Each structure stands twice: as structure tokens, then as C-alpha cells.
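The model shown is predicted, which means the values in this text are computed figures rather than measured ones. By convention here, the first residue in the shown sequence is residue 1.
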Amino acid sequence: MLSNIRIVLVQTYHPGNIGASARAMKTMGLTDLVLVNPRCYPDPEASRLAAGAEDVVNNATVVSSLAEAVTDCVQVVGASARLRSYPLPHYDEPSEMATSLVDNASEAPVALVFGRERFGLTNDEIRDCSHQVSIPANPDYGVLNLSQAVQVLAYETFGAWRRRPDSDYQAPRHASAPLPTRQQIDHFHEHLSRVMHASGFITQPHARTEEQLRALFDRAQPTRRDISLLRGLLSSLEDGIRDT
């Protein structure tokens, strides 16, 4: 499904923006990049700013018009910071656009189109789109770099895809550190109590300090490694107490 989602950049002026956009795409699982009349391509700056997404840059398709870039697409969404006189269905929320785009991508190619850095898409290019989308931003300063706009809409698209029941998306999981057994926890608290009494930290026979410390460590959920480290510290303190 994600392979059916195309990112189209129209007349990109700075080659670095091509690389940065490719990087934004790849982090969200998108690889189909089409360039319409880029000023400089290929270019070392594009590859440099791709930072690991050089394959997306190198495999990009170059065409001479937006119409050619989207000729096989069933939905074409133009990203625009302002509404045009040409009436098109408009998504005020990128999340709504992403859901629709992903639904259509399950059947055929779709495209997200981004215009020039300085003035975006022309009215004629908007006519090659089926929809428009805007990214909500600060009304006093709603300026996004080209690659930032690609990242925002690619993120929304990836999110819409991974929430689908048929995506089979599984987030990477970090290996969790083993937790101590209750016996190991009890031995730790016995050790802690012994050191606190030996050091004179606890002097009252019915002090609630030990109970509060037990609750504190239960909330902290220390790992076995944490408990081992703490017991090593307690053993060192015990040795110091004996020497005094």
C-alpha cells in the first residue's frame, strides 16, 4: 500500500531540499519520488542531505510536467498554504487527507504534490490535482520548509496506514531488562535495613522510614541490574562502617 503513495516535487530549486525530502519520506516508509523539472538533479547536495535515504534520491523519476507525474494516479493531493480560485475539495486536517489517501492507495497509485520553495504550486498545476490540503500552523508565521511539509504529511500518511487492521505494523521494541524476583527484593531491603541501622540513620524502633523506602523502590521498579548495583553500594558502605 505504501508503495502506491507517490511524493511529487515540482521544480525544486535547492537540490538539498530533494535530499531532505527523501529522508523525510524514507523515515515514513515512502520510496516513490517523482521530480518535475528540478533545477539541479542529480546533485551531491541532494545525496548529502538524504543522510541514509540516497536510494530514494537515486531512484527518483524525473518528468517534464506535473500532468505526466500523476497520469496514473486515482487521487492527487496538492499541498498548498493558501486556497486558490480554482475550486477543489479541500482537507483542513492532514489526518483526514491521509486516511483518504491510504484508502485509495490500496487500489491504485495516489500522489502528494509539493510546489516550489518560494511560491508553491501555480493555479494551472492545482488543476492537475483532485484535492488540496493545508497544514495548520501559527497564523502569524505559518512558513514551513519544503522538506518539513513533506515530513508532516508523510507522517500523517504513515500514521493512517499503520492504524489500519491490514497493515500488520509492529513497532520496534527495545529488549526489556529482567525484573528482580520478590526474594531478591526482600534480600535488598534486608541489606538496606541492616546498613541504615548500623550507620545510625535509623534510631527509633518503630520508624516508618523502611516502609516508605520499600514503597519508593516498588514505584521505581528497579531491574535486577539496578538491585545488584545498589547492593554493591550497600556492601561498600558496610565495609566503611566496620572500619570506623
Side-chain angles (χ1 to χ4, degrees), residues 1-66 68-73 75-81 94-95 97-102 104-106 108-118 120-121 125 129 133-135 137 143-164 166-174:
M1 191 180 301
L2 290 176
S3 63
N4 266 346
I5 300 174
R6 182 176 304 162
I7 300 296
V8 181
L9 306 183
V10 178
Q11 289 189 353
T12 310
Y13 186 83
H14 297 286
N17 282 333
I18 296 175
S21 296
R23 181 179 183 180
M25 291 171 57
K26 190 169 182 177
T27 60
M28 296 297 124
L30 305 179
T31 57
D32 186 4
L33 175 61
V34 176
L35 306 174
V36 179
N37 289 328
R39 186 179 72 91
C40 294
Y41 178 85
D43 188 276
E45 187 70 0
S47 298
R48 185 179 72 83
L49 289 184
E54 292 89 348
D55 55 327
V56 177
V57 174
N58 295 337
N59 294 327
T61 301
V62 178
V63 296
S64 59
S65 68
L66 177 56
E68 183 182 354
V70 300
T71 186
D72 60 337
C73 294
Q75 184 179 18
V76 180
V77 182
S80 179
S95 59
M97 176 279 301
T99 299
S100 173
L101 199 72
V102 168
N104 286 320
S106 64
V110 297
L112 269 172
V113 180
F114 299 84
R116 302 152 190 84
E117 292 93 332
R118 292 186 179 180
L121 298 169
E125 288 161 348
C129 301
V133 66
S134 299
I135 299 173
V143 181
L144 278 79
N145 174 273
L146 173 60
S147 63
Q148 292 173 334
V150 172
Q151 185 73 81
V152 170
L153 297 187
Y155 170 79
E156 293 286 356
T157 301
F158 183 74
W161 168 78
R162 66 181 172 82
R163 286 190 292 269
R164 288 174 62 99
D166 58 349
S167 73
D168 294 326
Y169 174 75
Q170 293 185 343
R173 297 175 181 268
H174 296 290

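Contact check for Val57 versus Tyr41: side-chain heavy atoms found under the 4.5 Å cut-off. Between Val102 and Thr157, some side-chain heavy-atom pair lies under the 4.5 Å cut-off. A heavy-atom distance below 4.5 Å is found between the side chains of Ser21 and Leu146. Side chains of Leu101 and Leu153 form no contact here, defined as non-hydrogen atoms less than 4.5 Å apart. Val10 places a side-chain heavy atom less than 4.5 Å from the side chain of Val113.
Judged as a side-chain contact (heavy atoms from CB on, under 4.5 Å), and not counting sequence neighbours, Ser3 has no contacts. Looking at residues two or more places apart in sequence or on another chain, you find a side-chain contact (heavy atoms from CB on, under 4.5 Å) between Asp72 and Arg6, Pro109. In this structure Asp166 satisfies the salt bridge (charged side-chain N to carboxylate O under 4.0 Å, His left out) test together with Arg164, sequence neighbours excluded. A search for side chain to side chain donor-acceptor pair (under 3.5 Å) contacts involving Ser100 returns Gln75, Tyr91, not counting sequence neighbours. The side-chain contact (heavy atoms from CB on, under 4.5 Å) test applied to Thr61 returns Val34, Val63, not counting sequence neighbours. Not a single side-chain contact (heavy atoms from CB on, under 4.5 Å) links Thr71 to another residue, sequence neighbours left out. Every residue two or more places apart in sequence or in another chain that forms a side chain to side chain donor-acceptor pair (under 3.5 Å) with Thr27 is listed here: Gln151.
Note: Leu2 CG to Ser106 OG = 11.5 Å, rounded to the nearest 0.5 Å. Distance check, rounded to the nearest 0.5 Å: CG of Asn4 to CH2 of Trp161 gives 13.5 Å. Considering CD1 of Ile7 and OG1 of Thr31, their distance stands at 10.0 Å, rounded to 0.5 Å. Interatomic distance, CG of Leu112 versus CG of Leu9, reported as 10.5 Å (0.5 Å rounding).
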### Message
Between Ser64 and Asn37, is the side chain to side chain contact (heavy atoms under 4.5 Å, CB included) condition met? List the steps.
### Response
CA-CA 5 Å; Ser64 59; Asn37 289 328; 4.1 Å; yes

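Listed by first and then second residue, the side chain to side chain donor-acceptor pair (under 3.5 Å) pairs that reach into residues 44-53 are Glu45-Arg48, sequence neighbours excluded. Identified under the salt bridge (Lys or Arg N to Asp or Glu O under 4.0 Å) test for residues 20-30, with sequence neighbours left out: Lys26-Asp55. Pairs engaging residues 147-158 under the salt bridge (Lys or Arg N to Asp or Glu O under 4.0 Å) rule: none recorded [sequence neighbours left out].
Closest non-hydrogen pair, Ala24 versus Ser147, comes out as CB-O, 4.0 Å. The shortest heavy-atom contact between Pro94 and Val133 is CA-CG2, 4.1 Å. Minimum heavy-atom separation, Gly78 to Leu121: CA-CD1, 4.0 Å. Contact record, Ala111 with Cys73: CB-SG, 3.8 Å, taken as the closest heavy-atom pair.
Tyr169 places no side-chain N or O within donor-acceptor distance of the main-chain N or O of Gly159, the cut-off being under 3.5 Å. Side chain of Glu54 to backbone of Gly52: a donor-acceptor contact under 3.5 angstrom is found.
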Name every donor-acceptor pair, under 3.5 Å, that has one atom in a side chain of residues 11-19 and the other anywhere in the protein, sequence neighbours excluded.
| residue | atom | partner | partner atom | Å |
| --- | --- | --- | --- | --- |
| Gln11 | OE1 | Arg116 | NE | 2.8 |
| Gln11 | OE1 | Arg116 | NH2 | 3.2 |
| Asn17 | ND2 | Glu117 | OE2 | 2.9 |

